[in-house]
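Fair warning: this is a prediction, and the values are worked out from it, not measured in the lab. Below, all heavy atoms of this structure are taken into account, side chains as well, without hydrogens, waters or symmetry copies.
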Amino acid sequence: MSSTPLMSLAETVAFLEREFPQMHHGGRSYHLEAVGLLSATMRMDHHDRFLRPGGTVSGPAMMTLADLALYAAILANIGPIGLAVTTNLSFNFLRKPGTKGLVADARLFKLGRRLAVGEVLITEASSEDLVCHATGTYSIPPDKAGSVTPIR
């Protein structure tokens, strides 16, 4: 296994921009900051559209951030395969986020030919205190020839 991801940060960002422009609907708020071997870091800016009553970041906003971060980690490590899909996500909301942006650190535990499994730790941008812990599983599709997508 290589010690670096197949796609660089710039390549992964370009793929997401091209294939998923809807992630910026309402304004650019999600920023992929790093990709690494079996990992990715994504930041979500604080914005009123992500708030729920009471002034805190909503669960769906944190769910989106976690899903995007795991997807970016997978893409960076398998290449530009847009049809990898989420099959399961589980969330533990641990504390109320404040008014800062959030940072999601995704790490893959398993990156196989058909499945990827990982976790995301979400913190406030200015703190190391966890606000959310998520785990997820993604299905990796076979390539066009019908064989399983090769992973290094």
Fill in: Spacing of Thr135 atom OG1 and Leu89 atom CG [to the nearest 0.5 Å]
7.5 Å
Worksheet item: Yes or no on salt bridge (Lys or Arg N to Asp or Glu O under 4.0 Å) for Arg43 and Glu33, after CA distance, side-chain angles and deciding distance?
Response: CA-CA 7 Å; Arg43 179 175 45 86; Glu33 295 190 329; 2.5 Å; yes
Discussion item. Could you report the tightest heavy-atom contact between Ala72 and Leu32, atom names first, then the distance?
Written reply: CB-CD1, 3.7 Å
Discussion item. Tell me whether the count of non-hydrogen atoms from other residues, nucleotides or ligands lying under 6.0 Å of CD in Glu128 goes above 12.
Written reply: no
Practice prompt. Start with the C-alpha gap between Asp67 and Tyr138, add the side-chain angles, then the distance that decides, and say whether side chain to side chain contact (heavy atoms under 4.5 Å, CB included) holds.
Written response: CA-CA 10 Å; Asp67 193 27; Tyr138 295 74; 2.6 Å; yes
Worksheet item: Closest approach of Pro80 and Met7, non-hydrogen atoms and distance?
Response: N-SD, 3.3 Å
Practice prompt. Verify the cluster assignment for Ile81 and Ile74: are they in a single hydrophobic cluster under the rule of side-chain heavy atoms below 4.5 Å apart?
Written response: yes
Worksheet entry | Side-chain touch Leu65/Val103, heavy atoms, less than 4.5 angstrom | no
Worksheet item: Within a strict 4.5 Å, meaning less than it, do heavy atoms of the Met44 and Val57 side chains meet?
Response: yes
Worksheet item: Could you give the distance from CE (Met23) to OH (Tyr71), rounded to the nearest 0.5 Å?
Response: 11.0 Å
Worksheet item: Should Phe15 and Leu37 be regarded as members of a common hydrophobic cluster, given that ILVMFWY residues are connected when their side-chain heavy atoms come within less than 4.5 Å of each other, either directly or indirectly?
Response: yes
Practice prompt. Determine yes or no for a side-chain-to-main-chain donor-acceptor pair under 3.5 angstrom, with Asn77 supplying the side chain and Thr4 the backbone.
Written response: no
Worksheet item: For the residue pair Ile122 and Ala66, what are the closest heavy atoms and their distance?
Response: CD1-CB, 4.1 Å
Fill in: Distance in Å, Met62 CE paired with Phe93 CZ, rounded so as to fall on 0.5 Å steps
5.0 Å
Discussion item. Just verifying a value: how many Å separate Ile140 CD1 and Thr87 OG1, rounded to the nearest 0.5 Å?
Written reply: 10.0 Å
Worksheet item: Is a side-chain donor or acceptor of Arg95 paired with a backbone partner of Leu130 at a separation under 3.5 angstrom?
Response: yes
Worksheet entry | Atom pair CG/OG of Leu102 and Ser29 - distance to nearest 0.5 Å | 11.0 Å
Practice prompt. List the steps, then state whether side chain to side chain contact (heavy atoms under 4.5 Å, CB included) holds for Leu70 with Leu108.
Written response: CA-CA 8 Å; Leu70 273 173; Leu108 300 175; 4.0 Å; yes
Worksheet item: Can you tell me how far the NE2 atom of His31 sits from the CG atom of Asp45, to the nearest 0.5 Å?
Response: 3.5 Å
Worksheet item: Which atom pair, heavy atoms only, marks the closest approach of Ala106 to Val120?
Response: CB-CG2, 4.0 Å
Worksheet item: What's the shortest heavy-atom distance between Ser39 and Ala73, and which atoms?
Response: C-CB, 3.7 Å
Worksheet item: Taking Asp105 for the side chain and Leu121 for the main chain, is one N or O donor matched with an acceptor at less than 3.5 Å?
Response: no
Worksheet item: Do the charged groups of Arg28 and Glu17 touch, with an N to O distance under 4.0 Å?
Response: yes
Fill in: Audit row: Arg107, Glu119, side chain to side chain contact (heavy atoms under 4.5 Å, CB included) steps and yes/no
CA-CA 6 Å; Arg107 154 176 87 129; Glu119 76 171 350; 2.5 Å; yes
Worksheet entry | Candidate pair Thr64 and Tyr30, rule side chain to side chain contact (heavy atoms under 4.5 Å, CB included), full reasoning | CA-CA 10 Å; Thr64 301; Tyr30 298 101; 3.4 Å; yes
Fill in: Whether Ser58 side chain and Phe50 backbone form a donor-acceptor pair below 3.5 Å
yes
Worksheet item: Which atoms form the tightest heavy-atom contact between Val131 and Pro97, and what is the distance?
Response: CG1-CA, 4.1 Å
